[in-house]
Amino acid sequence: MARGLRSLRRVELDFFPSAPVRLVFADEIAATPEAVYRALADDVAGWPRWFTAVTSARSTRQGAGREIRLKGGTRFVETVLAAEPGARYVYRVDETDAPGPRALLEEWRLTPVPGGCRVQWTMAADGPAPLRIAMRLGRRGLARTFAKAVANLERLLARSTTP
């Protein structure tokens, strides 16, 4: 039976430093910040090609929103809060069928480094104690998921620039 969507608290960018749970993952890849940004923000439908936890992704409201589905069927309806080409992409989850979260905000920050860019993914969340504990305990798994996703993205971007 499908779970219904429920609304989350509509947090803003100032939620990052005050979030009860803040998980940060980073890696360097051989791709320009501009190419990574295009994959994140301009090719939302392409996320399943590199972020294997995502089964479906689509841009909504002329790029101001997104709808994401994960393996297992979890669904997120999101609003893009910051879209700075080559530098930063931030979205807030407005509705989800995932149990537990009261607020979710994610940021992808891109920084040029010699030979490519540093990709940093920050998840900020609020929810009841069991969710906060589960997220902290799940940090290793999320770190592996992130590492695999950026490695896949690096390969995908390398193929797209090869003549």
Side-chain angles (χ1 to χ4, degrees), residues 3 5-6 8-9 11-33 35-41 43-57 66-82 87-159:
R3 300 176 294 212
L5 293 177
R6 61 185 178 72
L8 302 187
R9 191 168 82 238
V11 295
E12 298 297 329
L13 298 175
D14 61 357
F15 180 64
F16 282 115
S18 64
V21 177
R22 203 167 149 265
L23 304 176
V24 181
F25 309 97
D27 204 350
E28 292 184 9
I29 63 172
T32 66
V36 174
Y37 180 85
R38 283 191 298 273
L40 291 170
D43 185 19
V44 172
W47 278 53
R49 290 195 317 262
W50 58 272
F51 205 119
T52 57
V54 176
T55 60
S56 165
R66 301 167 6 128
E67 185 172 316
I68 305 294
R69 289 187 187 267
L70 301 180
K71 286 183 178 174
T74 301
R75 184 172 159 210
F76 298 99
V77 176
E78 304 167 340
T79 294
V80 176
L81 297 181
R88 184 178 185 212
Y89 187 57
V90 182
Y91 45 88
R92 171 189 64 219
V93 175
D94 294 326
E95 297 177 66
T96 186
D97 56 2
R102 289 191 285 249
L104 286 171
L105 190 63
E106 295 183 32
E107 175 186 58
W108 293 81
R109 189 171 289 274
L110 311 171
T111 308
V113 297
C117 82
R118 180 176 192 266
V119 179
Q120 178 178 294
W121 178 40
T122 301
M123 295 179 64
D126 186 16
L131 174 84
R132 293 192 310 263
I133 292 166
M135 285 188 73
R136 288 184 185 110
L137 291 174
R139 176 184 248 301
R140 276 189 165 149
L142 285 169
R144 282 191 300 275
T145 298
F146 170 77
K148 182 177 179 183
V150 295
N152 289 343
L153 180 58
E154 181 176 37
R155 282 191 294 279
L156 179 71
L157 294 175
R159 283 195 307 267

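Everything numeric here is computed off the predicted structure, so don't read it as measured data. The figures that follow rest on heavy atoms only: side chains count, while hydrogens, waters and symmetry mates do not.
- Heavy atoms of other residues, nucleotides or ligands lying less than 6.0 angstrom from CZ of Arg136 number more than 12.
- Note that the CZ atom of Arg140 and the OG1 atom of Thr145 stand 14.0 Å from one another [nearest 0.5 Å].
- With Trp47 as the partner, the side chain to side chain contact (heavy atoms under 4.5 Å, CB included) test is satisfied by one option alone out of Leu153, Val54, Thr55: Val54.
- To the nearest 0.5 Å, atom CD of residue Glu107 and atom CZ of residue Phe16 are 4.5 Å apart.
- Between Gln120 and Thr111 the shortest side-chain heavy-atom distance does not fall below 4.5 Å.
- Proximity of a side-chain donor or acceptor of Thr74 to a complementary backbone N or O of Ala98 within less than 3.5 Å is not detected.
- Using a 4.5 Å heavy-atom cutoff, the side chains of Met135 and Ile133 are not in contact.
- A heavy-atom distance below 4.5 Å is not found between the side chains of Asp27 and Val119.
- Between Trp108 and Phe51, the two ring planes are perpendicular [angle over 60°; tilted spans 30° to 60°].
- Counting only heavy atoms from C-beta outward, the side chains of Thr96 and Pro101 approach each other to under 4.5 Å.
- A distance of 10.5 Å separates CG of Leu5 from CZ of Phe76, quoted to the nearest 0.5 Å.
- Taking 4.5 Å as the limit, some side-chain heavy atom of Leu81 sits within range of a side-chain heavy atom of Leu105.
- The line from CD of Glu67 to OG of Ser56 is 7.0 Å long, rounded to the nearest 0.5 Å.
- With a 4.5 Å cut-off on side-chain heavy atoms, Arg102 and Leu8 do not count as touching.
- Taking the charged nitrogens against the carboxylate oxygens, Arg9 and Asp126 do have a contact shorter than 4.0 Å, which makes a salt bridge.
- For the pair Arg92 and Glu106, the salt-bridge criterion is not met [side-chain N within less than 4.0 Å of a carboxylate O].
- The side-chain heavy atoms of Ile68 and Glu78, taken from C-beta on, include a pair separated by under 4.5 Å.
- In this structure, Arg66 is positioned above the aromatic face of Tyr91, its NZ or CZ under 6.0 Å from the six-membered ring centre and within 45° of the axis.
- Using a 4.0 Å cut-off between charged nitrogen and carboxylate oxygen, Arg6 and Glu95 do not count as a salt-bridge pair.
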